[in-house]
Trainee: 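Just dropping this structure here.
Only heavy atoms go into these numbers, but all of them, side chains included; no hydrogens, no water, no symmetry mates.
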Amino acid sequence: MQTKTQQKTPLENLSHLPAFADYLLTHKLDGLVEVQMQISREITLPLMRLFDNLSQEELYEITKQGLVELLTFLAQNKARQQINFSLEQWKANQLPLINKEDIVAEDITMITYLRKKSFLYFIPDYCSETEDIIELIKEIDLFLVESETAATNTYISLLKDNIQEHSHFIEKITNTSPGIIYVYDVLNNKEVYANKATTEFLGYSLSDITALGNSFVETLIHPGDLASLKQ
């Protein structure tokens, strides 16, 4: 028995989604805006908290502008460009009314869910042939999976950048502090961190401290004080 090998449609060469996006843009834009706003309220999209001070009319216009941008890219068969464009806006902190740190993981997954549910809502109005519906849904899923994956990677990258910036900031503070900052793990009996002032005051280099390991504290403290210090 021979089975047909199905080739995955490249995101740059979609054949059903562009026409559907053009249909939504031309004939169903207002309805799509209303459906997405309703779904956003139902699923309690975390990002919506940032728009609590907006009127329904203002929120409607912001949602509409975002959909026009999205559908225009898709209608022109530029799904990949749409993903890259939105992520560049996010990384450059150019999203309307949203700071790039405001986006959380739930926003990414819920936006994917919101887009798919709102797209599926209008498919029965667009086509009735089973084969066309299946192929269209496949392309919608492909776009959403690619979009969600890229957004997740960007989210992780931004988190790493924030951690590195925070660590660099803390390091600058501890290294410019006039006092000794020495962190010792008493449970595992090992040195965790020593700032530059430790070496300046005590005369030990960081390599010396590391080499002494568990005996560093015992080297510095008077033998009579060790028991009370450990306690």
Trainee: Measuring from R80:CZ to S147:OG, what's the distance to the nearest 0.5 Å?
Mentor: 10.0 Å
Trainee: Evaluate the criterion side chain to side chain contact (heavy atoms under 4.5 Å, CB included) for residue pair L24 and L74; output intermediate values, then yes/no.
Mentor: CA-CA 11 Å; L24 293 176; L74 294 180; over 6 Å; no
Trainee: What distance separates I98 CD1 from I62 CD1, expressed to the nearest 0.5 Å?
Mentor: 8.5 Å
Trainee: Are M48 and M110 side-chain neighbours, meaning at least one heavy-atom pair lies under 4.5 Å?
Mentor: no
Trainee: I'd like to check D102 versus R49 (side-chain heavy atoms, cut-off strictly below 4.5 Å). Are they in contact?
Mentor: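 When only atoms from C-beta onward are counted, R49 and D102 do touch, with a gap below 4.5 Å.
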Trainee: Is it the case that the side chain of E148 and the backbone of T112 share a donor-acceptor pair, with hydrogens and angles ignored and the cut-off at 3.5 Å?
Mentor: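 Not a single qualifying donor-acceptor pair exists.
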Trainee: Please round to the nearest 0.5 Å and tell me the distance separating atom CG of L97 and atom CG of L59.
Mentor: 10.0 Å
Trainee: Do T109 side-chain atoms and E106 backbone N/O form a donor-acceptor pair below 3.5 Å?
Mentor: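 Judged by distance alone, yes, a pair lies under 3.5 Å.
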Trainee: Please report the closest heavy-atom contact between V104 and P46, naming both atoms and the distance.
Mentor: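 Heavy atoms only, the tightest pair is CG2-CB, 3.9 Å.
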Trainee: Run the ring-ring contact (aromatic ring centres under 6.0 Å, His included) test against F122 and tell me which residues pass, sequence neighbours left out.
Mentor: none
Trainee: In this structure, are over 12 heavy atoms from other groups packed under 6.0 Å from E42 atom CD?
Mentor: yes
Trainee: Report whether L95 and V68 are members of the same hydrophobic cluster (ILVMFWY, side-chain heavy atoms less than 4.5 Å apart, transitive linking).
Mentor: yes
Trainee: Under 3.5 Å, side chain of T26 to main-chain N/O of D22, donor-acceptor pair present?
Mentor: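 Side chain of T26 to backbone of D22, a donor-acceptor pair under 3.5 Å: yes, one is there.
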Trainee: Treat each ILVMFWY residue as a node, draw an edge where side-chain heavy atoms are under 4.5 Å apart, and state whether I103 and F85 are in one component.
Mentor: no
Trainee: Hey, quick one: are M37 and L120 part of the same hydrophobic cluster, counting side-chain heavy atoms closer than 4.5 Å, chains of contacts allowed?
Mentor: yes
Trainee: Would you call E135-K138 a salt bridge at under 4.0 Å N-O?
Mentor: yes
Trainee: Is the backbone N or O of K100 less than 3.5 Å from a side-chain atom of N93, with the two atoms forming a donor-acceptor pair by type?
Mentor: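 Yes, the answer is positive, given that a donor and an acceptor are paired below the 3.5 Å cut-off.
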Trainee: Step through the shown structure and confirm whether more than 12 heavy atoms of other residues, nucleotides or ligands are within 6.0 Å of CD on E101.
Mentor: yes
Trainee: Side chains of K160 and I156: closer than 4.5 Å at any heavy-atom pair?
Mentor: yes
Trainee: Just wondering, do C127 and I123 contact through their side chains at under 4.5 Å, heavy atoms?
Mentor: yes
Trainee: Judged by atom type as modelled, is there a donor-acceptor pair below 3.5 Å linking the side chain of N77 to the main-chain atoms of L14?
Mentor: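 Answer holds: yes.
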Trainee: Determine whether I111 and L70 fall in the same hydrophobic cluster, where Ile, Leu, Val, Met, Phe, Trp and Tyr are linked whenever their side-chain heavy atoms lie under 4.5 Å apart.
Mentor: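 Shared cluster, yes.
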Trainee: Let me confirm one number: the CG-OG1 distance from L67 to T72, rounded to the nearest 0.5 Å.
Mentor: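 Spacing of CG (L67) from OG1 (T72) equals 10.0 Å.
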Trainee: When you look at CZ of F51, are more than 12 heavy atoms from neighbouring residues, nucleotides or ligands closer to it than 6.0 Å?
Mentor: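 Result for CZ/F51: enclosed.
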Trainee: Please evaluate residues K64 and L32 with respect to the criterion side chain to side chain contact (heavy atoms under 4.5 Å, CB included), reporting the C-alpha separation (whole Å), side-chain torsions for both, the decisive distance (0.1 Å), and the verdict.
Mentor: CA-CA 9 Å; K64 186 174 183 178; L32 183 59; over 6 Å; no
Trainee: Are side-chain heavy atoms of D132 and L136 found at a separation under 4.5 Å?
Mentor: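 SC-SC contact between D132 and L136 ruled out.
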Trainee: A side-chain contact here means heavy atoms from C-beta on lying under 4.5 Å apart; do I83 and L11 qualify?
Mentor: yes
Trainee: Which pairs, with at least one residue in residues 110-119 and sequence neighbours excluded, count as a salt bridge (Lys or Arg N to Asp or Glu O under 4.0 Å)?
Mentor: K116-D141
Trainee: I need the minimum non-hydrogen distance between A75 and A21, along with the two atoms involved.
Mentor: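 Scanning both residues completely, I find the closest heavy atoms to be N-CB, 3.7 Å.
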Trainee: Rounded at 0.5 Å granularity, tell me how far CG in L158 sits from CG in N153.
Mentor: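 Taking CG in L158 and CG in N153, the distance rounds to 11.0 Å.
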Trainee: When you group the ILVMFWY residues by side-chain heavy-atom contacts below 4.5 Å and let the links chain together, are F20 and L142 in the same group?
Mentor: yes
Trainee: State, with a plain yes or no, whether a side-chain heavy atom of I137 is found less than 4.5 Å away from one of F119.
Mentor: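 They are not in side-chain contact.
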Trainee: Hey, does Y126 have a side-chain heavy atom less than 4.5 Å from the side chain of K28?
Mentor: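 A side-chain contact is absent here, since even the closest heavy-atom pair is not under 4.5 Å.
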Trainee: Decide yes or no on side chain to side chain contact (heavy atoms under 4.5 Å, CB included) for L71 and L29, but give the supporting numbers first.
Mentor: CA-CA 9 Å; L71 294 173; L29 182 59; 4.2 Å; yes
Trainee: Please report the C-alpha distance between Y23 and D125 in whole Å, then the side-chain angles of each, then the deciding distance to 0.1 Å, and finally whether the side chain to side chain contact (heavy atoms under 4.5 Å, CB included) criterion is met.
Mentor: CA-CA 10 Å; Y23 165 78; D125 296 333; 3.5 Å; yes
Trainee: Got a donor-acceptor contact below 3.5 angstrom from the E139 side chain to the S15 backbone?
Mentor: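 Indeed, once roles are kept as given, a pair shorter than 3.5 Å links the two residues.
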Trainee: Is there a donor-acceptor pair closer than 3.5 Å between any side-chain N or O of N13 and the backbone N or O of P10?
Mentor: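 No.
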Trainee: Looking at CG of N99 and CG of L50, how far apart are the two atoms once the value is rounded to the nearest 0.5 Å?
Mentor: 9.0 Å
